[in-house]
Structures are given as C-alpha cells and as structure tokens.
2 protein chains.
Amino acid sequence: MPSISDMIEKFIINIVENSEEGIIHIQRNDLSTRFSCVPSQINYVIKTRFNIERGFLVESKRGEGGFLKIIKIPVIQTKVYLDRISVGINNYIGSEQAKNFLKRLVEENIISEREMNIIWQLLRDESLPCDKEEKGYQRGKMLKNLIGYLAKEGGK
Amino acid sequence: MPSISDMIEKFIINIVENSEEGIIHIQRNDLSTRFSCVPSQINYVIKTRFNIERGFLVESKRGEGGFLKIIKIPVIQTKVYLDRISVGINNYIGSEQAKNFLKRLVEENIISEREMNIIWQLLRDESLPCDKEEKGYQRGKMLKNLIGYLAKEGGK
DNA sequence: GTAGTTATGGTCAAATATAGTCAGAGATGG
DNA sequence: CCATCTCTGACTATATTTGACCATAACTAC
C-alpha cells in the first residue's frame, strides 16, 4: 500500500529516467493537482526523496513561469564523497575538516588547485559571518551541493 | 513554459549578439506590441536582465523618435572589472544579483563556466540555511573574498 | 519662439502566479 | 504505546504582469 508520497516519487523518477540529460523541469502545482494533494506535500517528497544522499540536486524558481528543476546525479560516486567527509552522518563541518576534504579532492584530481582556492574563499570562517555552530552547518549544506555538482560533472 | 519576460530577454539578447558593436536601438512600444504585453513590462525586463551585473548599460530617449539603447559592455581588463564590481557589492546581495555577477565574470573570462557552477552551488539559497537578510549579507562577504582572491591571481 | 499636441519612455504599487517553511494532526508499523 | 512517516493548511517569499499616472522630446500652429 504505497503512500501518495511514494507514488509521487515514482512518478518523478520515471520522468527523470526517461529524460535525455537526467534533468527535468516540473511544476509544483501540476503535481499537487495530479495527485490531489496540497502543494506542500510536493516539498515533502522533494525533501525526503530527492536529496543529495539519494543522488539528486533540486533547484527552483517562483512566480510566473516557476518550476522545480530536478537533476539526477550518479549516486555511487556521490555516496563515496559524502561518506568521506561524513556529511551523511554529521551535518557539522569545521573549517579544517573542509580544507582537508578539498585538499583530497585536489590530490584525486577531482578539482583543480585554483578551484580549491575559490571554494575555500567561499566557506572559510571569514566568509560566514555567523556563530561557529551555524558556520559548520552551512558548510555542510554548501559542500553537499558542491558534491552533487561534482558527482554530476566529474573531475576537472 | 518560460515567462514572457524570459522570451523578451532572449529576443533582445539575440539582437545584441548579432549586432556589430554590441549596441542596439529598439523601441519600447514595438517590443510590447510584438509580445502583446504592457509597455512597462519592457522596463521590468530591462531592469531585471539588462543591468550592470550582467554587463549591460541601457540609455533611452523619450518623445518622438524615442528609443532604448542597449549596450553590451565590452570586456575590459580583469583588474579594472574586479575593482568596479567590488564597489558594487554592498552588504546585501540577492541570489539573482550574485548569479548575474558570476555570469559576467565568465563573460569577462575571469572564471570558467565550471568555476561559475561550483561557486553557484556554494552561494545559492539552498546552501545558506538562514533567513533572507543573513543570506544576502553572507553572499556579500563571500563574493568580496572571492574577488580579492581573483584580483590577486588574475583570470583563469 | 511659445503653447499646445502628440509620441515616446519611466515609475510604482497592486494583482497574480508560483514555490517554501513549519508546526501540528493523522496514520502506520513494531 | 511509541516512534516515525505522512499529510495538511496557514503563513511566508519571490517573480511576473498590469495599469494608472508621470516625464520628456519633437512637431505644429500661431
């Protein structure tokens, strides 16, 4: 007895699987109408099923012409990265931990030295004007999205 | 399913790209007639898409023989551009504004497309789990640090 | 050359169209 | 019975579209 959320998940996955690039644009209201549920249930499905751990990136736009953009990424590779930085377990990433992670990405030829430097500029302590706990949490989010992109695009 | 504004944007960009000098003259009423929208929607498109972050200047003239003059700012020296946008980065940077800056950096050949995507993953709304005000403030800091680095290192 | 008329473009706030968040209610399985 | 998952709706955030009113330049009649 699959839940509505399960059906919505299957529906979306089916579209993604049949797309050329593994990238699709859908509308939240379309989906909620199709499945006779409230729009926010779509957000629930996105959050629980189409997250980075499961191999998806999601971007969106509001207003007229708005959409949900769902991007499928190779999940195996993503898992490897995620396990390595232990983002999957603990959302807090300290600045040293982040730096070490980036260095390893360089060593493994996944990003260039310059890309490492650029990324570092964006997530070092001085770029995140908030308290320590918050910094760590944000780095977690930032790196998760970065990993998603890298998993999709491959090495440098 | 793109919005009318998106189509108008594409239309204008196409004309600019196909022009000799990157400078075109168009009429607001022509456009609004062509796209069956109110004239002020053209102003909206100009304001949101043909701004300085994306590397455009717009001048206009009213009255008989009036026009919109859209100028694509030519690529200039990296250092000069970085200095210029550094000034433009105030405390609050919205996600669209940030995206515009990044697009321009790519056009200026200061960063690669891939670097733009990497940076985007780090500063888009979904990577900054805090309130709107805070997001904007952080993007400002992040971009300032990024620009500082790029100014030192030079283009890609 | 001044005043009035016409032809442009500009501004701004309200209306409309999407999407996001969050807390609590409801359902389900051990 | 408790934990977890799912569903709902009120409230929020953002992008676009529209229209009423404003500003400026050129032309025309005198």
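Order of the sequence lines sets the chain letters (A, B, ...), proteins ahead of strands, with each chain counted from 1.
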Asker: Considering residues at least two apart in sequence or located in another chain, which fulfil the salt bridge (Lys or Arg N to Asp or Glu O under 4.0 Å) criterion with B:Glu21?
Answerer: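 Not a single residue meets the salt bridge (Lys or Arg N to Asp or Glu O under 4.0 Å) criterion with B:Glu21.
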
Asker: Tell me, which pairs form a salt bridge (Lys or Arg N to Asp or Glu O under 4.0 Å) where one or both residues lie in residues 38-47 of chain A, sequence neighbours left out?
Answerer: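 Found none.
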
Asker: Can you name the residues that form a side-chain hydrogen bond (donor to acceptor under 3.5 Å, both in side chains) with A:Asn29, not counting sequence neighbours?
Answerer: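 With sequence neighbours excluded, A:Asn29 shows a side-chain hydrogen bond (donor to acceptor under 3.5 Å, both in side chains) to no residue whatsoever.
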
Asker: Given salt bridge (Lys or Arg N to Asp or Glu O under 4.0 Å), test B:Glu115 with A:Arg114 step by step and report yes or no.
Answerer: CA-CA 9 Å; B:Glu115 285 163 355; A:Arg114 180 178 148 95; 2.9 Å; yes

Asker: Show me the pairs that pass salt bridge (Lys or Arg N to Asp or Glu O under 4.0 Å) and involve residues 23-35 of chain B, at least two apart or across chains.
Answerer: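 Matches after skipping sequence neighbours: none remain.
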
Asker: Partners of B:Tyr44 by side chain to side chain contact (heavy atoms under 4.5 Å, CB included), sequence neighbours excluded?
Answerer: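 By the side chain to side chain contact (heavy atoms under 4.5 Å, CB included) rule, B:Tyr44 matches B:Ser5, B:Thr48, B:Arg49.
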
Asker: Between B:Asp125 and A:Cys37, name the one whose nearest nucleotide on DNA chain D is closer to the 5' end.
Answerer: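 Here A:Cys37 is the residue nearer the 5' end.
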
Asker: Could you go through B:Leu128 and B:Glu134, starting from their C-alpha distance and side-chain angles, then the distance that decides it, and tell me whether this counts as side chain to side chain contact (heavy atoms under 4.5 Å, CB included)?
Answerer: CA-CA 9 Å; B:Leu128 301 175; B:Glu134 194 69 9; over 6 Å; no

Asker: Using a 3.5 Å cut-off and no angle test, enumerate the donor-acceptor pairs between side-chain atoms of residues 60-67 of chain B and protein atoms at least two apart in sequence or in another chain.
Answerer:
none

Asker: What range of DNA chain D does chain B touch, first nucleotide to last, counting atoms under 4.0 Å from its heavy atoms?
Answerer: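 Result: D:dT14 to D:dA26.
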
Asker: With sequence neighbours left out, write down each residue that passes side-chain hydrogen bond (donor to acceptor under 3.5 Å, both in side chains) with B:Arg124, or none if nothing qualifies.
Answerer: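 By the side-chain hydrogen bond (donor to acceptor under 3.5 Å, both in side chains) rule, B:Arg124 matches A:Asn145, B:Gln121, B:Glu126.
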
Asker: For A:Ser40 and A:Asn43, does a side-chain donor sit closer than 3.5 Å to a side-chain acceptor?
Answerer: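 Side chains of A:Ser40 and A:Asn43: no pair found under 3.5 Å.
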
Asker: With a 4.5 Å cut-off on side-chain heavy atoms, are B:Leu122 and A:Tyr149 touching?
Answerer: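 No, every pair of side-chain atoms sits at 4.5 Å or beyond.
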
Asker: State, with a plain yes or no, whether a side-chain heavy atom of A:Ile13 is found less than 4.5 Å away from one of A:Glu17.
Answerer: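 Yes, close enough: below the 4.5 Å cut-off.
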
Asker: Please give me every residue in residues 39-49 of chain A whose heavy atoms get under 4.0 Å of an atom in DNA chain D, ordered by residue number.
Answerer: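 A:Ser40, A:Gln41, A:Tyr44, A:Arg49, in order of number.
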
Asker: Heavy-atom contacts under 4.0 Å between residues 26-35 of chain A and DNA chain C, which residues?
Answerer: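 Listed by number, they are A:Gln27, A:Arg28, A:Asn29.
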
Asker: Under the side-chain hydrogen bond (donor to acceptor under 3.5 Å, both in side chains) rule, collect the residues that match up with B:Asp131, sequence neighbours excluded.
Answerer: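 side-chain hydrogen bond (donor to acceptor under 3.5 Å, both in side chains) check on B:Asp131 returns nothing, list empty.
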
Asker: How many Å lie between CD1 on B:Ile4 and P on C:dT18, as a whole number?
Answerer: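 Checked: the CD1 to P distance equals 12 Å.
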
Asker: Is there a residue in residues 56-70 of chain A whose heavy atoms reach under 4.0 Å of DNA chain C, and which residues are they?
Answerer: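 Only A:Ser60, A:Lys61, A:Arg62, A:Gly63, A:Glu64, A:Gly65, A:Gly66, A:Phe67, A:Leu68 qualify.
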
